[in-house]
Amino acid sequence: WPNRTSQKALFASSLRLLFLSAVQQLVHWREPRRSTVAFSGSLLVLLSFATFSIVSVLSNLLLAVLCVTITFRVYKAVIQAVQKSNEGHPFRTLMEKDITVSPEKFGKFVDLSLAHVNRGLLQARRLVLVEDVVDSLKLASVMWILTYVGSIFNGLTILILVDIIIFCTPLIYEKNKSQFDRYIDLVHSQVEDKLAKYDFHSLFLMCELQIKMCETSL
């Protein structure tokens, strides 16, 4: 049992590292062709979802794929008939690949997903039931800010902006790294100077103490 648990943890960590490495390669434009395809494809899909219904987008996307594959299949069949060759199915290599999910891999993905779900549920219970007043107040502040964000943007608009920021920010930062670092250090020092004037931790502790006193009095 401990060996199985360690194997699951190793698989989860390796999968996370591979995913983060692939994302980093894309957003930092290490391979411009793949990054261009990923950025333009994701942006096109999000804009399509914002303009049309999900059913229309998915059906048109599948229709476009089928048009390409059927056209290529017929074209190769005509070429083989004219040249009297016997090359076989043009997608034979893709059709021979094993794309099935083994029970072991499926079980590992389920266990990994279940661990994340349970961790999220425990964290949500801790924040909503106010186990720590400071963390719950932080969550309330974030939710209060999101109410204003939600009144201006919808979910798809936020996703489109996030997609543009993720792909464009690293590229702009690498080209102007020295200027950005200088401004970031300046802003960071000013924020630290402002926060140093206020003792927020003592304020939160005082609020928590008052809440506990009210609870004991009740």
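Since we're looking at a predicted model, the values are computed, not measured.
- Other residues, nucleotides and ligands contribute more than 12 heavy atoms inside 6.0 Å of the CE atom of M143.
- One hydrophobic cluster, built from ILVMFWY side chains closer than 4.5 Å, cannot hold both V128 and L121; they sit in different ones.
- Both V78 and I70 are assigned to one and the same hydrophobic cluster, defined by single-linkage of ILVMFWY side chains at heavy-atom distances under 4.5 Å.
- Grouping the Ile, Leu, Val, Met, Phe, Trp and Tyr side chains by contacts below 4.5 angstrom, directly or via other members, places I160 with L171.
- Using a 30° and 60° split on the angle between ring planes, F167 and F39 fall in the tilted class, from 30° to 60°.
- Taking a 6.0 Å sphere around CD1 of I54, one finds it holds 12 or fewer heavy atoms contributed by other residues, nucleotides or ligands.
- Here the OG-CD1 distance, from S42 to I164, works out to 9.0 Å after rounding to the nearest 0.5 Å.
- No single ILVMFWY cluster, assembled from side-chain heavy atoms under 4.5 Å apart, contains both L44 and V57.
- With rounding to the nearest 0.5 angstrom, the CG atom of L122 is 10.0 Å from the CD atom of E131.
- Only one option out of L47, I158, L43, V45 pairs with D163 in a side-chain contact (heavy atoms from CB on, under 4.5 Å); it is L43.
- Looking at every heavy atom in both residues, T36 comes nearest to P32 through OG1-O, 2.6 Å.
- A 6.0 Å sphere centred on CZ of R125 holds no more than 12 heavy atoms belonging to other residues, nucleotides or ligands.
- Within the model, atoms CG of L66 and OG1 of T69 stand 5.0 Å from one another, a figure rounded to the nearest 0.5 Å.
- Atom CG of L159 and atom CZ of F49 lie 10.5 Å apart (nearest 0.5 Å).
- Rounded to the nearest 0.5 Å, atoms CG (D132) and CG (L139) are 12.0 Å apart.
- Taking the six-membered ring where the residue is Trp, Y75 and F72 present tilted rings, their angle falling between 30° and 60°.
- Considering only heavy atoms from C-beta on, V162 stays 4.5 Å or farther from I165 through its side chain.
- The CH2 atom of W29 lies 7.0 Å from the SG atom of C168; values are rounded to the nearest 0.5 Å.
- T169 contributes no side-chain N or O that, together with a main-chain N or O of I166, makes up a donor-acceptor pair within less than 3.5 Å.
- Formation of a donor-acceptor pair under 3.5 Å by the T71 side chain with backbone atoms of V68 is not found in this model.
- Side-chain contact check for S53 and S56: at least one donor-acceptor pair (N or O, by modelled atom type) lies under 3.5 Å.
- Hydrophobic clustering (side-chain heavy atoms under 4.5 Å, transitive across Ile, Leu, Val, Met, Phe, Trp, Tyr) keeps L94 apart from V65.
- The 12-atom threshold is exceeded at CZ of R126, counting heavy atoms of other residues, nucleotides or ligands nearer than 6.0 Å.
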